[in-house]
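Structure first, then comments.
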Amino acid sequence: MTKNKETAIQAIQKQGLLPLFYYEDAQVSLEIIRALYKGGVRVFEYTNRGAAALENFKIFKEALKTEMQDLFLGIGTIKTEEQAKAFLDAGADFIVCPIVNPDVAKVTHEAGLLWIPGCMTPTEIDLAQQHNAGIIKLFPANILGPDFLSSIRELFQGQLFVPTGGVEIEEHNIASWFKAGVCAVGMGSKLVSKPIIEQKDYEKIESLTKQTFEIINKVRG
């Protein structure tokens with residue numbers, strides 16, 4: 001499978017979910033990714049939230065040569081061009097940011113890959129569109145809420161959105177986001193929580209993932 005901007009967008013749209021997490025232990029992180037994969041995940045965002053992120057990412061990419069080969073592995077919390085280049089060199093399949101940085105957009109587009117910037121206002125969304133954002137992350141989603149997207153969606157017809165931050169594994173919450181017009185929901189600590197990680201409860205991650213997909217498939221109908 002070719003992994004580029006178009007195929008990454010298709011994979012995220014099809015999946016309807018973009019799971020994300022960071023943990024400093026590479027082997028534990030890899031087991032979490034395997035659990036998500038067993039639960040049905042084929043697109044996943046590791047987050048650049050600690051000193052070990054880049055080295056861990058390289059370990060995951062090495063593992064993906066022999067397993068989970070259809071998994072799109074992206075990197076999140078990218079704020080600078082230097083960070084973007086480092087992870088693109090390490091084999092990131094897409095780049096997710098909490099902000100709109102045109103320099104990050106440029107290097108990601110040059111690599112032929114998907115750039116997902118984080119936006120909170122119509123002005124930021126417009127700026128992201130000027131720099132060809134394939135998908136825009138609404139962040140922080142718990143502050144904005146589905147009503148925000150419902151209110152501004154007509155201004156940005158055809159734009160794909162993914163809310164991240166505070167999306168719950170709960171039917172009403174997920175349904176309200178899809179009704180507002182998102183193409184997928186981002187989910188971090190609600191899916192991969194600190195207690196679950198500390199207990200190494202990989203089966204719980206797998207079951208929560210399956211539960212989340214059941215809700216998404218139901219509300220998308």
Practice prompt. Determine whether I136 and I143 fall in the same hydrophobic cluster, where Ile, Leu, Val, Met, Phe, Trp and Tyr are linked whenever their side-chain heavy atoms lie under 4.5 Å apart.
Written response: yes
Discussion item. Does any part of the side chain of L144, heavy atoms only, come nearer than 4.5 Å to the side chain of L149, both counted from C-beta?
Written reply: no
Discussion item. Does the Lys NZ or Arg CZ of K210 fall within the cation-pi geometry relative to F213 - under 6.0 Å from the ring centre and within 45° of the axis?
Written reply: no
Worksheet item: Is a side-chain donor or acceptor of H131 paired with a backbone partner of D103 at a separation under 3.5 angstrom?
Response: no
Worksheet item: Do the side chains of Y22 and L17 join up, straight or via other hydrophobic residues, at under 4.5 Å, putting them in one cluster?
Response: yes
Worksheet item: Do M120 and L138 pass the side-chain contact (heavy atoms from CB on, under 4.5 Å) test, and can you show the C-alpha distance, the side-chain angles, and the key distance before you say yes or no?
Response: CA-CA 6 Å; M120 196 180 181; L138 295 177; over 6 Å; no
Worksheet item: Given the rule in the side-chain contact (heavy atoms from CB on, under 4.5 Å) test, do V41 and L71 qualify, once you have shown the distances and angles that lead to the verdict?
Response: CA-CA 8 Å; V41 168; L71 180 72; 4.3 Å; yes
Worksheet item: Can you check whether L114 reaches I12 side chain to side chain, under 4.5 Å on heavy atoms?
Response: yes
Fill in: Closest contact, heavy atoms only, K58 versus A90
CG-CB, 4.0 Å
Fill in: R49, CZ atom: more than 12 neighbouring heavy atoms under 6.0 Å
no
Discussion item. Would you say that more than 12 heavy atoms from the other residues, nucleotides or ligands in this model lie under 6.0 Å from the CD of E67, or not?
Written reply: yes
Item to complete: Give a yes or no on whether the ring-centroid distance for F44 and Y37 is below 6.0 angstrom.
Response: no
Practice prompt. Walk me through it: do K106 and E110 pass the test salt bridge (charged side-chain N to carboxylate O under 4.0 Å, His left out)?
Written response: CA-CA 6 Å; K106 187 171 181 286; E110 284 170 356; 2.8 Å; yes
Item to complete: Answer with yes or no whether the side chains of T7 and N4 bring together a donor and an acceptor at under 3.5 Å.
Response: yes
Fill in: Mutual orientation of the aromatic rings belonging to F57 and F87 [parallel < 30°, tilted 30-60°, perpendicular > 60°]
perpendicular
Worksheet entry | ILVMFWY cluster, V104 and I9 together (side-chain gap under 4.5 Å) | no
Worksheet item: Do I205 and T209 have side chains that get closer than 4.5 Å, going by heavy atoms?
Response: yes
Fill in: Distance in Å, I196 CD1 paired with I32 CD1, rounded so as to fall on 0.5 Å steps
9.0 Å
Practice prompt. Can you measure from OG (S193) to CG (L208) and round to the nearest 0.5 angstrom?
Written response: 8.0 Å
Worksheet item: G186 and V162: which non-hydrogen atoms are nearest, and at how many Å?
Response: N-CG1, 3.5 Å
Worksheet item: Among pairs that include at least one residue of residues 156-183, which meet ring-ring contact (aromatic ring centres under 6.0 Å, His included), considering only residues two or more places apart or in two chains?
Response: none
Item to complete: Assess whether side-chain contact (heavy atoms from CB on, under 4.5 Å) is satisfied between M187 and L20, documenting all intermediate values.
Response: CA-CA 6 Å; M187 204 170 282; L20 54 125; 5.8 Å; no
Worksheet item: What residues, two or more places apart in sequence or in another chain, satisfy side chain to side chain contact (heavy atoms under 4.5 Å, CB included) together with K38?
Response: E206
Worksheet, complete the sentence: Note: V100 and C119 closest approach over all heavy atoms is CG2-SG, 3.7 Å
Worksheet item: Which pair of non-hydrogen atoms, one from P117 and one from A128, has the smallest distance, and what is that distance?
Response: CG-CB, 3.7 Å
Worksheet entry | Set of residues satisfying side chain to side chain contact (heavy atoms under 4.5 Å, CB included) with respect to Q83, sequence neighbours excluded | N48, I78, K79, T80
Worksheet entry | Test: E31 and K200 ion pair at under 4.0 Å | no
Fill in: Distance (rounded to the nearest 0.5 Å) between Q13 CD and L18 CG
12.5 Å
Fill in: Spacing of L88 atom CG and E81 atom CD [to the nearest 0.5 Å]
10.0 Å
Item to complete: Could you tell me whether the side chain of Q27 reaches within less than 4.5 Å of the side chain of I59, counting heavy atoms only?
Response: yes
Fill in: Heavy-atom donor-acceptor pair, T47 side chain to T77 backbone, under 3.5 Å
no
Worksheet entry | Nearest heavy atoms of W115 and N101, plus distance in Å | CZ2-O, 4.0 Å
Worksheet item: Counting only heavy atoms not in K179, do more than 12 fall under 6.0 Å of its NZ?
Response: no
Worksheet item: Checking Q69 side chain against K65 main chain: does a donor-acceptor pair fall under 3.5 Å?
Response: yes
Worksheet item: Mind checking whether Y46 and F60 have parallel, tilted or perpendicular rings, split at 30° and 60°?
Response: perpendicular
Worksheet item: Does L64 belong to the same Ile/Leu/Val/Met/Phe/Trp/Tyr cluster as V96, with side-chain heavy atoms less than 4.5 Å apart forming each link?
Response: no
Fill in: E168 side, atom CD; I215 side, atom CD1 - distance, nearest 0.5 Å
10.5 Å
Fill in: Shared hydrophobic cluster for I125 and I135 (ILVMFWY, side-chain gaps under 4.5 Å)
no
Practice prompt. Apply side-chain contact (heavy atoms from CB on, under 4.5 Å) to V167 and N173, showing your working.
Written response: CA-CA 7 Å; V167 179; N173 183 268; 3.6 Å; yes
Worksheet item: In a check of salt bridge (Lys or Arg N to Asp or Glu O under 4.0 Å) between D93 and each of K61, R42, K5, which one passes?
Response: K61
Item to complete: To the nearest 0.5 angstrom, please state how far the SG atom of C183 sits from the CD atom of Q10.
Response: 12.0 Å
